[in-house]
There are 4 protein chains.
Amino acid sequence: MRSQSGPDPTRRSERSRRAILGAAVELLGETGYNELTVEAIAARAGVGKQTIYRWWPGKGAVILDALADAAVDVDAQMPDTGDIRKDLYAIVRPTVAELADPRLSATSRALSIETLGDEALAEQVRDRLLRPQFDAVKDRLRAAQRANQVRADVDLDQAVELIFGPMYYRWMFRIGPLSEEYANDLVDLALAALGTDTA
Amino acid sequence: MRSQSGPDPTRRSERSRRAILGAAVELLGETGYNELTVEAIAARAGVGKQTIYRWWPGKGAVILDALADAAVDVDAQMPDTGDIRKDLYAIVRPTVAELADPRLSATSRALSIETLGDEALAEQVRDRLLRPQFDAVKDRLRAAQRANQVRADVDLDQAVELIFGPMYYRWMFRIGPLSEEYANDLVDLALAALGTDTA
Amino acid sequence: MRSQSGPDPTRRSERSRRAILGAAVELLGETGYNELTVEAIAARAGVGKQTIYRWWPGKGAVILDALADAAVDVDAQMPDTGDIRKDLYAIVRPTVAELADPRLSATSRALSIETLGDEALAEQVRDRLLRPQFDAVKDRLRAAQRANQVRADVDLDQAVELIFGPMYYRWMFRIGPLSEEYANDLVDLALAALGTDTA
Amino acid sequence: MRSQSGPDPTRRSERSRRAILGAAVELLGETGYNELTVEAIAARAGVGKQTIYRWWPGKGAVILDALADAAVDVDAQMPDTGDIRKDLYAIVRPTVAELADPRLSATSRALSIETLGDEALAEQVRDRLLRPQFDAVKDRLRAAQRANQVRADVDLDQAVELIFGPMYYRWMFRIGPLSEEYANDLVDLALAALGTDTA
DNA sequence: ACCTAACCGAGACGGTACGTCAGGTCTTTCC
DNA sequence: GGAAAGACCTGACGTACCGTCTCGGTTAGGT
């Protein structure tokens with residue numbers, strides 16, 4: 001027997017949904033993640049708290065939705081100029097720049113905190129926010145592999161992690177600067193591991 | 001002119017300090033980080049809340065101290081057998097295993113959440129918990145560089161990050177398994193980037 | 001000029017009306033007055049909330065209607081045997097018994113709460129629920145006055161209050177038992193005040 | 001095993017207690033009982049809500065305490081001039097006047113609503129607020145009984161109720177005016193029932 | 001036999017207050 | 001004067017209902 005109906009999604013107010021997600025990202029920019037409260041989101045959105053709790057289990061889920069919603073627009077495509085190094089520069093540089101920007105970085109931190117604290121949310125974050133970019137890079141590397149610019153025996157998942165991993169690590173623990181020079185060096189170092197030639 | 005004295009550290013109760021740190025790690029193991037409260041720590045430690053607030057600014061600082069305290073004992077030394085690959089296996093495998101262990105991993109997540117949410121704590125975490133291991137690996141790589149096992153032009157900081165970054169990235173976003181095989185492959189891939197030979 | 005129409009009573013669903021009033025009395029019996037909610041009435045009656053708010057201004061009005069509806073059947077007539085004492089016993093005893101019954105008393109309490117809290121409802125309660133009985137007793141006393149069983153100078157309103165007042169007072173503040181013996185004594189005492197003879 | 005300690009009354013802040021009770025009576029005067037909220041009391045008193053809930057189970061109990069506290073000062077003594085009629089005038093007239101005053105009456109209504117809705121509070125109200133006056137009148141009637149101004153066979157409890165009952169009844173259901181003339185007539189009528197003489 | 005106006009069930013909505021929880025501060029009492 | 005204990009003010013939590021509103025789906029008369 002299946003019942004347990006819950007609210008009826010067809011009756012959901014799109015107006016309220018957008019107001020809530022909008023208010024969430026706004027407030028996330030203005031205050032830190034820890035300072036962000038459901039009450040503030042509701043107030044800013046001009047919405048009753050119940051309307052939030054009716055559709056989301058809690059603050060983390062709202063933020064995830066808000067960020068996923070905001071990210072949809074910018075789901076950048078991976079360029080393919082034929083030169084894998086150049087293309088990686090093109091994708092890594094702006095990502096590094098984004099992490100270096102205190103404003104944009106704040107949302108990433110919020111996201112990461114959620115990810116660390118809640119396994120279910122972690123899956124959502126991984127699949128809805130990270131995966132698109134991850135797969136885009138992976139596809140580009142596969143093409144490079146076919147073009148003999150990347151060794152055939154390289155595991156492409158590990159290859160992508162070799163690029164993004166150090167970047168997030170440096171960002172997360174604030175180990176060093178996130179400059180354009182760093183982005184270039186990172187790509188060069190990774191390609192040294194992946195490339196067919198020693199150059 | 002107020003002397004801004006604050007409490008007198010010489011009169012501090014070592015008994016209370018240890019009870020608090022002990023209670024913190026215990027509770028961190030029993031419940032998640034978000035569920036951990038200062039009140040619970042005080043109650044478990046048989047201590048007044050004020051005694052915590054007298055000596056630490058907040059929950060994060062207590063946990064950091066607690067973990068740093070616990071970590072002191074295990075501050076592993078980096079081996080040096082002359083074979084850099086073998087030595088990296090020896091350090092990366094147990095680290096990966098630790099992240100794979102749900103019990104031990106929980107404390108790392110707690111740490112990371114603090115790191116993400118509080119810049120001051122991030123520095124503490126970086127310097128007191130990560131740095132020792134980081135520097136140990138860096139020293140070992142420097143030796144390898146001198147032994148011509150690592151290219152001379154490699155930036156050693158980036159080199160260390162190339163090893164630890166992907167590992168934390170995979171752990172943080174739960175991207176893939178953290179197996180011993182993964183540890184080996186990671187080291188191999190990193191050494192492909194760093195090594196003087198193509199092998 | 002707006003016609004200020006409001007809902008059209010001719011189209012009102014008698015089915016819903018009865019279901020609502022029925023649900024109200026049921027719930028009043030099951031839970032206290034304060035715990036009674038419009039939502040619960042609507043749910044129990046299988047009715048939309050709007051159907052309640054369309055026809056009644058609020059919970060109090062619904063309850064009043066429900067109780068008035070239920071009371072219609074029992075609007076007892078005052079007997080007239082010629083013996084005023086005997087007739088007063090006949091009306092006071094069951095009224096006391098009703099107040100003594102926890103089940104029936106609950107509705108009276110609900111009624112009284114409304115009365116106390118809302119002046120407009122108080123008038124309704126007074127006129128629709130109390131007045132019939134009040135006037136019946138008053139008429140009977142007038143007859144007794146004509147029969148020289150009650151002093152001619154007695155104000156009949158005050159006379160009725162002299163009987164019902166102490167009864168409700170005792171009930172309301174739970175001052176003493178509401179037994180048949182009490183009912184008899186009350187009538188005797190009141191008649192001592194009203195009667196032409198000392199007996 | 002008995003524990004379940006609850007808060008320690010010796011540590012209770014007298015300052016907060018008085019502020020809360022004061023705010024409660026103030027607000028009761030400004031708004032109706034139904035409009036009175038715990039949050040408003042806390043805000044007005046400059047007190048945390050928790051401090052209210054720590055010491056009282058809910059709004060009703062606070063109000064009861066507040067009114068009992070306020071009533072303590074005015075716990076009028078019953079005069080004894082030797083003339084029972086005159087003395088009853090002296091006590092009934094101001095009581096009627098108080099019920100006639102919309103301002104003072106509001107608190108009585110609040111009290112009564114609590115009384116009707118909560119049995120435990122009813123006992124408190126009866127014992128702490130009503131009883132003193134009730135007993136004072138009863139004592140005075142006992143003296144009158146000894147002075148042969150009241151019949152020896154009269155039950156004094158019922159006698160007191162014969163006076164207060166009609167008064168509250170008229171007030172509660174807004175049956176008629178609560179004038180000084182009414183007060184006099186009520187006393188006269190009651191004494192007709194109680195007196196040794198027919199006059 | 002259709003039309004159309006309005007009631008109906010349902011339930012989402014913006015709100016208010018609830019009673020609870022934890023934060024960080026302040027006070028009391030003891031050692 | 002530090003420490004245990006715990007009351008205090010504060011403010012967010014998640015829930016329960018409020019009274020309003022909007023949505024299809026019945027019901028009526030009225031034509």
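Labels below follow one simple rule: chain letters A, B, ... track the order of the sequence lines, proteins then strands, and each chain is numbered from 1.
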Polar pair under 3.5 Å, donor/acceptor by atom type, side chain C/Lys49, base E/dG11: no
For F/dA5, does the base pair up with any side-chain atom of D/Arg11 as donor and acceptor (N or O, under 3.5 Å, distance only)? yes
Whether D/Arg11 engages the ring of D/Trp55 as a cation-pi pair (distance to the six-membered ring centre under 6.0 angstrom, angle to the ring normal within 45°) should be assessed. no
Hey, does [X] reach any base, or is it just sugar-phosphate, or nothing, if we go heavy atoms under 4.0 Å?
| X | value |
| --- | --- |
| C/Gly46 | sugar-phosphate |
| A/Arg54 | base |
| A/Trp55 | sugar-phosphate |

Determine, stepwise, if the pair C/Asp69 / C/Val25 fulfils side chain to side chain contact (heavy atoms under 4.5 Å, CB included). CA-CA 10 Å; C/Asp69 203 67; C/Val25 289; over 6 Å; no
Report yes if at least one side-chain N or O of B/Ser16 is closer than 4.0 Å to OP1 or OP2 of F/dA4; otherwise report no. yes
Taking only side-chain N and O atoms of A/Thr51, does any of them lie within less than 4.0 angstrom of OP1 or OP2 on E/dA12? no
Hey, which sits more toward the 5' end of DNA chain F by its nearest nucleotide, C/Val38 or B/Ser13? B/Ser13
Between C/Tyr53 and B/Ala45, which residue's closest nucleotide on DNA chain F lies nearer the 5′ terminus? B/Ala45
Any donor and acceptor pair, going by atom type alone, linking the side chain of C/Lys59 with main-chain N or O of C/Leu36 inside 3.5 Å? yes
Would C/Leu27 and C/Glu35 count as a side chain to side chain contact (heavy atoms under 4.5 Å, CB included) here? Give the steps. CA-CA 9 Å; C/Leu27 289 167; C/Glu35 284 68 43; over 6 Å; no
